[in-house]
**Student:** 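One structure follows; several queries about it will come next.
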Amino acid sequence: MIKRVLYVVALPAVLFGAWFVLSDNSESFYSPPLRDILTAFGDTWSADRLRADVVPSLLRLFAGYLLAAVIGVALGVAIGLNRRLRATVEPVLEFFRAIPPPVLVPVIMLFAGIGDGMKVIVIVFGCIWPILLNTVEGVRAVDSVVLDTARAYGVTGPARLTKVILPSAGPQIAAGLRQALSIAIILMVISEMFAASNGLGFTIVQFQRSFAIPEMWSGIILLGLLGFVLSLLFRLAEQRALRWYEGLRAAQRQG
Amino acid sequence: MLEVKGLRKVYRSGSREVEALRDLTFTVDNGDMVCLVGPSGCGKTTLLRCISGLLDPTGGDVRVNGKAVDGPPPGMAVVFQEYGRSLFPWMSVRDNVELPLKQKKVARSRRRELVDEALDAVGLTGTESAYPWQLSGGMQQRVAIARAVAYEPQTLLMDEPFAAVDAQTRADLEDLVRSLWKRLNVTILFVTHDIDESVYLGQRVVMLSSSPTVVQDELIIDLPAERDQLHTRADPRFVELRTRVYEQIQLAKKAAR
Amino acid sequence: MLEVKGLRKVYRSGSREVEALRDLTFTVDNGDMVCLVGPSGCGKTTLLRCISGLLDPTGGDVRVNGKAVDGPPPGMAVVFQEYGRSLFPWMSVRDNVELPLKQKKVARSRRRELVDEALDAVGLTGTESAYPWQLSGGMQQRVAIARAVAYEPQTLLMDEPFAAVDAQTRADLEDLVRSLWKRLNVTILFVTHDIDESVYLGQRVVMLSSSPTVVQDELIIDLPAERDQLHTRADPRFVELRTRVYEQIQLAKKAAR
Amino acid sequence: MTSVRRGSPVRLGSPALLGAAGLAGLLLVIEMLPRLGLVDDRYLPPTSRIAAALADETGNPQFWASLGDTLVAWALGLAIAVGAGVLAGIVIGSIPVLRNLTASTVEFLRPIPSVALIPLAVLLYGTDIGSTLMLVCYAAFWQVFVQVLYGVADVDPVAYETARSFRFSAWARIRHVLWPTALPYVFTGVRLAASVALVLAITAELVIGAPGLGKEIAVAQASEAVPTMYALIVVTGILGVLINLLARTGERRLLAWHQSVRGEVAT
Amino acid sequence: GTSSDSGSSGDSGGVDKVKVGVIPIIDVAPIYLGQQKGFFKNRNIELTMESGQGGAAIVPGVVSGQFQFGFSNFTSLMIAQTKNVPIKTVAAGVASTGEQGKDFGAVVVTKDSPIKTAADLVGKKVSVNTLKNIGDTVTRESVRKAGGDGANVNFVEMPFPNMQAALEKGDVDAAWVVEPQLSTIKAAGGREVASTFVDAADDLTVAAYFTSTKLLADDADLVKRFTEAVNESLAYADANPEEVRTVLSTYTKIDAALGAKLVLPKWPTQINEPSVQTLAKLGEGDGIFSGTPDLEKLLP
Ligand SMILES: Nc1ncnc2c1ncn2[C@@H]1O[C@H](COP(=O)(O)OP(=O)(O)OP(=O)(O)O)[C@@H](O)[C@H]1O
Ligand SMILES: Nc1ncnc2c1ncn2[C@@H]1O[C@H](COP(=O)(O)OP(=O)(O)OP(=O)(O)O)[C@@H](O)[C@H]1O
Ligand SMILES: [Mg+2]
Ligand SMILES: [Mg+2]
């Protein structure tokens with residue numbers, strides 16, 4: 001346990017330490033000393049601020065992420081299982097995937113207005129791709145003997161999906177979900193750069209525009225912390241869901 | 001009734017083309033137990049895959065009870081040669097055996113019973129909650145067998161199901177298969193490399209030639225229906241029959257060289 | 001010389017704890033050929049993995065030529081029971097066999113020779129360019145054998161290497177292993193479920209009990225060094241020995257019940 | 001090989017044909033939406049008008065220069081990110097201590113949006129291609145890196161032990177076992193990274209104003225040149241499709257053995 | 001780093017390479033025109049325009065020396081000043097026309113909107129391109145001037161090009177826009193309710209060119225030459241609106257038809273200091289600055 005905590009904090013501690021020392025007498029306007037940033041952190045992120053800016057951001061983030069997960073996995077399974085469907089829609093998906101969300105924001109605004117709906121859609125639009133792609137690949141890579149077994153024993157329909165395809169593709173879907181999580185955070189920020197009046201991304205951009213540089217850095221650090229906590233939660237969930245897989249891989253390694 | 005008529009299968013991938021089966025014709029009556037022997041790589045697995053509707057033949061016909069097969073027919077269970085890969089690593093042993101029964105909508109209590117019985121019959125009581133990859137090779141293979149047994153199929157296809165178990169367990173499992181066959185009147189097609197096993201188990205032995213594969217010979221095993229490991233194997237008729245099979249296989253291999 | 005002393009292995013995963021090996025002690029002299037038999041799940045694979053340094057024992061000691069094993073020792077080749085998964089699906093048959101030789105820095109021309117010879121010996125000439133998953137089960141297993149043979153190891157560990165091949169091929173491969181052993185003076189540890197095979201191949205047969213596993217018995221096979229499939233197996237001494245082994249295994253299984 | 005139904009007319013719909021059909025469908029929908037009055041054509045002009053604007057653009061040397069700038073930033077950034085991502089992924093993924101040590105830092109750094117790094121990028125590189133490059137590298141790196149980590153974790157223990165038992169050197173184990181196993185993951189990672197890189201290249205140009213398609217889009221947007229804006233967006237989309245096509249081809253060649261490709265080769 | 005470091009290449013004989021960070025909008029047309037006319041080359045300045053989106057991208061570039069000069073609106077400059085960003089203006093940028101109803105920036109509503117005057121904006125949702133910047137200050141001032149409570153206006157941020165759609169869909173009640181969107185919206189039937197720059201101050205100087213104090217100290221001569229060239233450009237542009245409309249097409253994608261209709265701003269060569277002071281007071285009153293901008297330090 002102690003070892004695990006050590007693993008988690010060792011490197012960040014060293015890096016932050018180095019940053020603190022190296023930046024201590026920084027004159028540069030845009031990279032102020034870490035000391036100033038930390039002071040700003042305490043001053044800036046009060047409980048009120050968290051409630052007013054971080055909570056709405058998180059709500060949008062969760063809504064967007066969950067929606068992307070559901071759509072991504074569902075679509076990914078369908079596309080992964082059906083070769084012709086895959087051939088048909090792949091170029092269209094690639095087309096949309098290559099369009100930068102910031103460019104699309106105006107278009108999305110046309111259809112979804114300027115409320116939270118728009119921001120959620122931007123998040124979905126941006127972070128669905130790793131989920132979709134990984135699901136497709138995971139589904140395509142299900143062991144043929146496993147598939148044959150399922151067919152032979154009449155494991156078809158929903159059971160085939162929930163008992164065979166999804167668990168088997170599970171590890172790769174998890175890889176996609178994990179990647180999507182950090183992209184979702186990025187898009188949360190991007191979406192809040194447009195037509196927002198609150199939110200973490202909005203606040204950071206606002207700091208940046210008003211040249212409140214230590215505050216801006218403190219926001220970036222908060223984002224990192226947020227990502228870290230979310231990914232920790234994600235890993236817990238992943239470990240539960242993929243226990244068999246971790247065991248399978250660990251079993252023969254350590255014996 | 002299981003009819004295989006003029007079955008042909010060619011694998012194509014890129015420039016490589018393998019004629020796994022050239023022209024196979026034979027029938028298995030309902031309630032029959034037929035053993036299939038043939039040199040390694042002659043196409044036994046391919047044949048089983050075609051019969052179970054998992055693979056589309058290049059030519060010819062497979063019919064189960066008069067209906068052309070184009071997908072796994074109901075009431076059929078398959079024990080795959082690649083036992084390790086045919087178990088779902090994300091499920092415990094119990095879940096692996098139980099899943100097909102759930103699909104068959106067997107009631108929960110009956111399911112429990114069937115699973116326990118089957119695991120007991122293959123000697124795996126006590127490992128229900130383990131994952132397949134925590135078991136030895138032979139144990140994994142027995143899980144696959146238990147899964148097929150618990151399913152209570154009308155047709156049972158088994159692809160070298162005892163390859164990874166020890167002699168004693170093998171004998172036990174042979175008797176298990178025979179008792180199952182008698183009790184449930186299942187139609188069984190059994191692929192094996194063990195000539196003694198094929199004679200001991202089967203009512204008929206179908207011998208395949210080596211590639212290009214055709215049916216080399218068929219042999220009716222006219223041993224009494226009541227068989228047991230000690231006496232049957234000592235029966236002079238048994239020895240005679242196994243010699244016949246052995247010779248045919250020798251012939252098959254020679255022809256290929 | 002291969003020494004196994006007081007070897008113990010307990011698998012732990014979560015709350016499940018399996019004592020695969022309790023206390024194993026035996027030695028194999030250089031140039032010896034020892035067969036290992038035992039009930040399914042008794043820990044043979046576990047033992048082989050400990051000897052090859054792939055698995056750390058929970059207790060006890062494995063030494064090769066006096067040196068404690070803590071990683072695969074040089075000059076050792078292993079044929080895994082899970083032949084299918086031990087082949088690299090991304091490489092052709094030839095590359096699979098050749099790769100270890102490359103690692104051993106064998107010259108290119110010699111490599112070619114060794115690979116061709118080995119594939120020929122296992123009857124796989126003509127499949128060099130196929131991928132393993134395009135082969136039948138038995139063929140895959142033979143690729144794994146060819147890989148070990150081509151490697152020209154000093155110590156060869158084989159885990160049920162002939163489980164998936166037909167009787168005739170099996171006999172051929174048995175003779176191949178014996179000739180290899182004589183020609184290169186390899187130390188061989190051979191796990192099998194086939195009692196006849198263990199007697200036919202070995203100079204000694206080590207029998208393991210079922211779990212908790214110890215060495216149940218050892219038997220010196222005092223058959224002449226020159227063996228052949230027809231005469232050796234008909235030898236009364238052969239029959240006597242195989243009965244001995246059979247009885248011991250029966251005993252082992254009974255004890256467990 | 002096993003799931004192909006008998007007589008399924010595989011040839012009838014060759015992937016290229018089906019893909020073209022999919023795209024054609026999209027174009028048709030976009031043509032019809034404004035024409036039927038479902039959306040205002042000032043905001044979403046029909047395909048034909050976008051196409052006309054696109055044709056105009058292709059006659060404009062500025063457009064080709066921008067395209068070139070974007071592609072250079074993209075390719076360079078992607079190459080750096082893939083190289084670094086694969087290297088770091090394999091090294092860190094195969095050494096458990098490193099993996100444990102870096103996990104928290106990685107999770108911390110990863111979600112920091114590249115866009116938040118814009119001031120830093122501008123500070124270091126102005127509005128040159130350098131800023132774009134930095135943002136592209138930063139964002140694309142994680143895509144590859146994380147995929148490689150997962151790929152390395154997916155190595156079949158039996159295959160790995162086989163290699164160990166034959167005493168493969170560490171390098172050979174990586175080269176012949178780890179790498180092929182991770183390769184499908186790497187490909188997914190590269191494909192993800194390729195589009196993320198494109199997205200960021202354009203975003204950076206859009207926000208910072210570094211030369212490239214993104215800047216052109218920003219200018220078109222600010223100038224009320226709606227069809228031109230869409231034409232440029234279409235160009236980015238087309239770039240995406242082409243890039244994917246390239247990746248797919250490479251994948252089919254290098255991964256012929258993989259389960260996911262196998263099924264499409266064998267009959 | 002890049003090739004040019006704070007223009008140090010220039011002894012008086014050589015040519016100075018100068019990068020200017022600009023936002024590619026109508027406001028900076030003079031500098032493009034001046035470049036075309038050779039006003040900069042005459043003063044041994046080789047000019048390149050680097051476009052950025054707003055002050056947030058340009059100010060850091062100027063401070064770090066990536067650009068020698070930048071273009072930004074005064075509110076942004078004053079925000080930077082209150083945070084002690086080391087910059088100083090060197091020349092006027094763009095100014096309001098000072099004519100009600102004929103300025104280049106305004107608050108507009110749809111044709112049938114119930115909002116008739118700026119006072120009606122109270123409690124309504126108004127879009128601006130950047131929150132807490134010049135857009136909201138001047139709009140609040142218009143509301144105050146019309147007798148409303150300027151503090152009680154809700155602003156939302158969105159890019160100019162999106163405002164027309166948002167207005168028409170009812171996502172916002174009014175939009176603060178500048179050219180060319182202003183003309184587009186009016187052409188589509190939109191109605192102007194306040195000429196905000198005009199309301200804010202007489203002849204308001206909206207934006208300026210600026211440089212870093214470091215460059216000013218290191219190479220005052222270059223700054224002087226640049227200022228002269230800009231001033232010449234501004235004067236020329238102010239006198240030749242048709243040439244301005246032509247030059248627009250070289251760096252924007254505004255089509256000729258739209259370009260001909262645009263209301264052009266004024267380009268005086270002097271920064272109107274009282275108007276800037278007014279702007280500073282307004283900003284301070286609306287809480288946009290965290291302190292009082294020190295115009296001494298900011299203005300040339
Ligand atoms: N997916 C495939 N692609 C190409 N060729 C294949 C494929 N599967 C099998 N083959 C070839 O078909 C032939 C028959 O294979 P099959 O697996 O049916 O043999 P088998 O009789 O089951 O052999 P064994 O007893 O060794 O398991 C072999 O030559 C094999 O190489
Ligand atoms: N990774 C693992 N985790 C937990 N238990 C394991 C694991 N691997 C093997 N075991 C257990 O260890 C025991 C011995 O397994 P092992 O594979 O060594 O048997 P074996 O003698 O090779 O059997 P077989 O002849 O069936 O291959 C079995 O009871 C098995 O369940
Ligand atoms: Mg087979
Ligand atoms: Mg074993």
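Each chain gets a letter, A, B and so on, in the order the sequences are listed, and its residues count up from 1.
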**Student:** If only side-chain N and O atoms count, and only distance matters, is there a donor-acceptor pair under 3.5 Å linking D:Thr70 with D:Glu205?
**Tutor:**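 Side-chain D/A pair, D:Glu205 to D:Thr70: present.
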**Student:** Does any backbone or side-chain atom of D:Val235 lie under 4.5 Å from a heavy atom of chain A? Answer side chain, backbone, both or neither.
**Tutor:**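 The answer is neither part of D:Val235.
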**Student:** Is A:Arg178 salt-bridged to A:Glu238, cutoff N-O under 4.0 Å?
**Tutor:**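 Yes, this pair counts.
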**Student:** Side chain, backbone, both or neither: which part of A:Arg235 has a non-hydrogen atom closer than 4.5 Å to chain D?
**Tutor:**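 The answer is the side chain of A:Arg235.
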**Student:** Please flag which part of A:Phe207 lies under 4.5 Å from any non-hydrogen atom of chain D: side chain, backbone, both or neither.
**Tutor:**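 Neither; nothing under 4.5 Å.
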**Student:** Among A:Ala10, A:Pro130, A:Gly138, which residue has the highest count of heavy-atom pairs closer than 4.5 Å to chain D?
**Tutor:**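 That would be A:Pro130.
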**Student:** Between D:Leu26 and chain A, which part of the residue has a heavy atom less than 4.5 Å away: side chain, backbone, both or neither?
**Tutor:**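 Side chain only.
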**Student:** Cut-off 3.5 Å, side chains only: do A:Thr135 and A:Gln172 have a donor facing an acceptor?
**Tutor:**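 No, because no side-chain N or O of A:Thr135 sits under 3.5 Å from a partner of the opposite role on A:Gln172.
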**Student:** Using non-hydrogen atoms only, which part of A:Val92 is less than 4.5 Å away from chain D: side chain, backbone, both, or neither?
**Tutor:**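 Its backbone and side chain both get close to chain D.
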**Student:** Can you tell which part of D:Leu101 gets under 4.5 Å to a heavy atom of chain A, answering side chain, backbone, both or neither?
**Tutor:**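 For D:Leu101, the contact with chain A is made by backbone and side chain together.
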**Student:** Using a cut-off of under 4.5 Å on heavy-atom pairs, state which of A:Leu133, A:Val89, A:Leu85 scores highest against chain D.
**Tutor:**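 Of the candidates given, the most pairs with chain D belong to A:Leu133.
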**Student:** Report which part of A:Leu15 has an atom under 4.5 Å of a heavy atom belonging to chain D: side chain, backbone, both, or neither.
**Tutor:**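 When you check distances to chain D, only side chain atoms of A:Leu15 fall under 4.5 Å.
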